Amino acid sequence: MKAVDVFCLCENRKYTERFQGLLINDQLIAVVGDMGLTVSKYETEENRIIVDYEVHDILLEVHYPRLEKTDNFEAVKLANMTVPEFIHYLLAWDGGEVNVDIQPGDYIYQPSGGYIRKASYVYPNGTVTTDTGELMARSDYQILNEEETQLVNKLSKSLRDNRSITEGYEVGKLSVEDEGVQIGNFILQTYDTIEVFVGEEIKQISFDEAIDYDGYDARFRPIKLTVLTEGDFKR
């Protein structure tokens, strides 16, 4: 890396601020500003390094005031780094995309804690943000193979279904046939509340919308009727 002055264009190039930067390669630069650090693309104008955040893609962004917030994707790991550790982190990244064999939604294994997580976002250097908000470097996790992923999916579905059953739901595949709308072996009525599993989300749909979700995993809570006795009519 090479330290340089960086000229950041602000508000449609109406004025310019000068910051320190570290050249990563001939396309990317790390800009150290008063509020944080960004890694973005740049261009050269009149022998000056120019960054225009309204034009250039930002690949990594760290806002100093937000580092303590767990919803900030860098916070979990970067907030605990010393400056040398962070420079080492940047040096380990060549600034380009690498074949990390992982996509958002894939499961990964964290050996240090023994946890299985799901990748919600994958960065160019293989660092991932998990569904629990953790930031994990490529060296911190292992990618599950297809057989392990299928096993995790089956376990996740089993836990989800058991939780639904405990809460009083009936679960099964939603099907729309000539006989009517069914979940498993249960034929639904127009007044039943239908919920379908769309990825990790549970979506409530109407009876008429069931045709659009034919084949989805779904659940519903049967309305249980009680038989009235003579005592129910006594005051």
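Please read all numbers here as calculations on a predicted model, not as lab measurements. For reference, positions follow the sequence shown, starting with 1.
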Is there a side chain to side chain contact (heavy atoms under 4.5 Å, CB included) between Tyr42 and Val6? Walk through the geometry before answering. CA-CA 9 Å; Tyr42 71 92; Val6 185; over 6 Å; no

Do any pairs count as a salt bridge (charged side-chain N to carboxylate O under 4.0 Å, His left out) and have a residue in residues 107-117, sequence neighbours left out, and if so which ones? Arg117-Glu134

Working note: Thr130 + Lys118, criterion side chain to side chain contact (heavy atoms under 4.5 Å, CB included); need CA distance, chi angles, decisive distance, verdict. CA-CA 5 Å; Thr130 70; Lys118 181 181 287 188; over 6 Å; no

Quick check for you: to the nearest 0.5 Å, what is the distance between [X] atom [atom1] and [Y] atom [atom2]?
{"X": "Gln182", "Y": "Ile187", "atom1": "CD", "atom2": "CD1", "answer": "5.0 Å"}
{"X": "Thr44", "Y": "Phe7", "atom1": "OG1", "atom2": "CZ", "answer": "11.5 Å"}
{"X": "Arg219", "Y": "Asp161", "atom1": "CZ", "atom2": "CG", "answer": "9.5 Å"}
{"X": "Ile49", "Y": "Cys8", "atom1": "CD1", "atom2": "SG", "answer": "11.0 Å"}
{"X": "Leu23", "Y": "Leu28", "atom1": "CG", "atom2": "CG", "answer": "10.0 Å"}

Tyr141 versus Val128: any side-chain heavy-atom pair under 4.5 Å?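 Yes, at least one pair of side-chain atoms sits under 4.5 Å.
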
Look at Arg221 together with Asp192 and state whether they make a salt bridge at an N to O cut-off of under 4.0 Å.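 Answer for the salt bridge query: no.
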
To check you understand the geometry: which heavy-atom pair defines the closest contact between Ile183 and Gly172, and what is its length?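 So the minimum-distance heavy-atom pair works out to CG2-N, 3.6 Å.
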
Quick one: hydrophobic cluster around Val171, which other residues, with the 4.5 Å side-chain cut-off, linked directly or via members?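 Val171 shares its hydrophobic cluster with Ile165.
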
State whether the side chain of [X] and the backbone N or O of [Y] hold a donor-acceptor pair below 3.5 Å, judged by distance alone.
{"X": "Gln150", "Y": "Glu147", "answer": "no"}
{"X": "Ser158", "Y": "Lys154", "answer": "no"}
{"X": "Ser120", "Y": "Thr129", "answer": "yes"}
{"X": "Asp106", "Y": "Gln103", "answer": "yes"}

With a cut-off of 3.5 Å and sequence neighbours excluded, list every side-chain donor-acceptor pair involving residues 205-216.
unit_1, atom_1, unit_2, atom_2, d
Ser206, OG, Glu209, N, 3.3
Ser206, OG, Glu209, OE1, 3.3
Glu209, OE1, Ser206, N, 2.8
Tyr213, OH, Lys203, NZ, 2.6
Asp214, OD1, Val176, N, 3.2

Return yes when atom CD of Glu167 has more than 12 non-hydrogen atoms of other residues, nucleotides or ligands closer than 6.0 Å, and no otherwise.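 Atom CD in Glu167 is crowded, with more than 12 foreign heavy atoms closer than 6.0 Å.
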
